[in-house]
> 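Here it is, the structure, as structure tokens.
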Number of protein chains: 2
Amino acid sequence: MAVVSHRFVKGAILGRIQSGEWGLGDLIPAETDLAVHYGCARATVNRALRELAEEGLVLRKRKGGTRVRQMPVRQAKLAIPVIREQIESAGAVYRHHTITREVRVPDEVSRKKLNLREDISAAYIETLHLADNAPYAFERRWVNVDAIPDFLNVDLAAVSANEWLVRSVPFSLGSLSFCAIKADALIAKSLGCAVDAAIFSMNRTTWLDDRLITDMELLFREGYILQSVL
Amino acid sequence: MAVVSHRFVKGAILGRIQSGEWGLGDLIPAETDLAVHYGCARATVNRALRELAEEGLVLRKRKGGTRVRQMPVRQAKLAIPVIREQIESAGAVYRHHTITREVRVPDEVSRKKLNLREDISAAYIETLHLADNAPYAFERRWVNVDAIPDFLNVDLAAVSANEWLVRSVPFSLGSLSFCAIKADALIAKSLGCAVDAAIFSMNRTTWLDDRLITDMELLFREGYILQSVL
DNA sequence: TCAGATATTATGTATGCACATATTATCACG
DNA sequence: CGTGATAATATGTGCATACATAATATCTGA
């Protein structure tokens, strides 16, 4: 007897949804019925449906049954690039250059973002990332050295601040946002573009437990495109 | 005896990784050992570890065991917003206005993107999305009416093209990209911003099976920020 | 010593069962 | 006619077991 895998069941159900057999909002058969239909255990159907629910195609409720989502939650998975890997995977040579590195008490705006006391200083770093010696992205970052004192001793010539932090303070939570901004004089000079060029900006804050670790702004070269998959 | 859920095990393992007990790249105990340690079945540990692997924190290989990822794949989940919901959830009144709607043979650039034969025409729609009567986003879209003939009869005053398509042609694949562009005269006029303003652009193509359904460009008002969660 | 066959092992997953839980449907009672 | 208690039900999840599979480790023979 051939085994019926959860992949098969998942694919079969997906097909029946896509073909329109089960329309938008429709209730689909119960796990037990599907298990009988496909000749497998309920646990197998459960896993198939659970994965479909995670992917946003189907909505499940106890006692309420499973139904096809009216407005599927299209969630794009977007792999946050480690810049070096992104550049190297495109076949270019990665290099980075630390422009500024200092420890000081942040100005009030940054201090509020960092959620620091007034008398605590933090590290400020500006880095230029290059692909084949051409500017690729300009990075501005505050690091909470009160939480991560080791950061003060890092050799930023060997490894970029971003990469060191990813390796050393992993698995932290954070938020991520994207926007478009006009290049000011500093950005234009760093990225080698015109003042007022449209620049793609990525902002990221990283928390470990309740402490903000770092707040970063990454400004990509003109024409940069962020790709994602649905 | 209290049951030990996969959530508990997952959290416990996560804690031991975050605390540094298991460092980057380290091999963590086998499922059977963890099952004994936490007093639960191997299936429970399996689910916990499988989910951690899906989230990119851990790398699993048959016979090779499970190890903490050196460079965690930070994947942001990015909920693609249906614009109306995005605006309404911010407490504003949504309204949309169809600027252009025509059926014609696309120019060569669009035709290639749409992957259509030379003699096939497609629908072109320009829509302005408004929040509290202020421009929110400007949408340009081609729809393959050869694949979706019903689209020709849709009342775009009642429901936007985007929303109709999401409701009617669900569960399709596609690609998604983001970039920053400078506003040209048309965009500036539509969005009520200055020419050369930095505009956040989202491009999306949608496929059903092997047929391209629609190709869309969404240009957000100046200052728009796309939020994501890690 | 080295290549190829073989054994070992950790994860992958299907199954049957039991029970938990949330929600809906039903029913009894004022 | 409502309203609150109660029953029914679909999903959620844990457990023990069995076997599959991929990758590594070991052994064997030239």
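The analysis underlying the following values was restricted to heavy atoms, covering all of them including side chains, and did not include hydrogens, waters or symmetry mates. Keep in mind that this is a model prediction, so the values were computed, not measured.
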> Rounded to the Å, how far apart are Glu51(B) CD and dG12(C) P?
13 Å
> Classify the ring geometry of Phe8(B) against Tyr38(B): parallel below 30°, tilted from 30° to 60°, perpendicular beyond 60°.
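Because their plane-to-plane angle is over 60°, the rings of Phe8(B) and Tyr38(B) count as perpendicular.
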> With no hydrogens and no angle check, just 3.5 Å: does a side-chain donor-acceptor pair link Thr214(B) and Arg141(B)?
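Distance-only check passes for Thr214(B) and Arg141(B).
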> Counting side-chain heavy atoms from C-beta on, which of dG12(C), dA10(C), dG12(D) comes nearest to Arg42(A)?
dG12(D)
> Should Glu31(A) and Arg60(A) count as an ion pair when the cut-off is N to O under 4.0 Å?
yes
> I want to check one thing: is the phosphate of dA10(D), taken as OP1 and OP2, less than 4.0 Å away from some side-chain N or O of Thr32(A)?
no
> Starting at NE2 of His6(B) and ending at C1' of dC15(D), how long is that distance when rounded to a whole Å?
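It works out to 14 Å between those atoms.
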> Ion pair present between Glu55(B) and Lys10(B), side-chain N to carboxylate O less than 4.0 angstrom?
yes
> Each nucleotide in nucleotides 20-25 of chain D should get exactly one letter: B, S or -. Can you fill that in based on protein heavy atoms under 4.0 Å?
-BBBB-
> Phosphate oxygens OP1/OP2 of dT11(D): is one of them under 4.0 Å from a side-chain N or O of Thr66(A)?
yes
> Identify, between Leu49(B) and Ser5(A), the residue whose nearest nucleotide on DNA chain C lies closer to the 5' end.
Leu49(B)
> Please report, rounded to the nearest Å, how far the C1' atom of dT17(D) is from the CG atom of Asn46(B).
14 Å
> Is there a side-chain polar atom (N or O) of Thr44(A) under 4.0 Å from OP1 or OP2 of dT13(C)?
no
> Between Tyr136(B) and Phe220(B), what is the ring plane arrangement, given parallel below 30°, perpendicular above 60°, and tilted in between?
perpendicular
> Can you check the Arg47(B) CZ to dT13(C) P distance for me, whole Å?
13 Å
> Name all residues meeting the side-chain contact (heavy atoms from CB on, under 4.5 Å) criterion together with Lys63(B); count only those two or more places apart in sequence or in a different chain, and write none if there are none.
none
> Rounded to the nearest Å, what distance is computed from the CD1 atom of residue Ile28(A) to the P atom of nucleotide dA10(D)?
13 Å
> Between atom CG in Asp33(A) and atom P in dT11(D), what is the gap in whole Å?
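Distance, rounded to whole Å: 8 Å.
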> Tell me, which pairs form a side-chain hydrogen bond (donor to acceptor under 3.5 Å, both in side chains) where one or both residues lie in residues 144-160 of chain B, sequence neighbours left out?
none
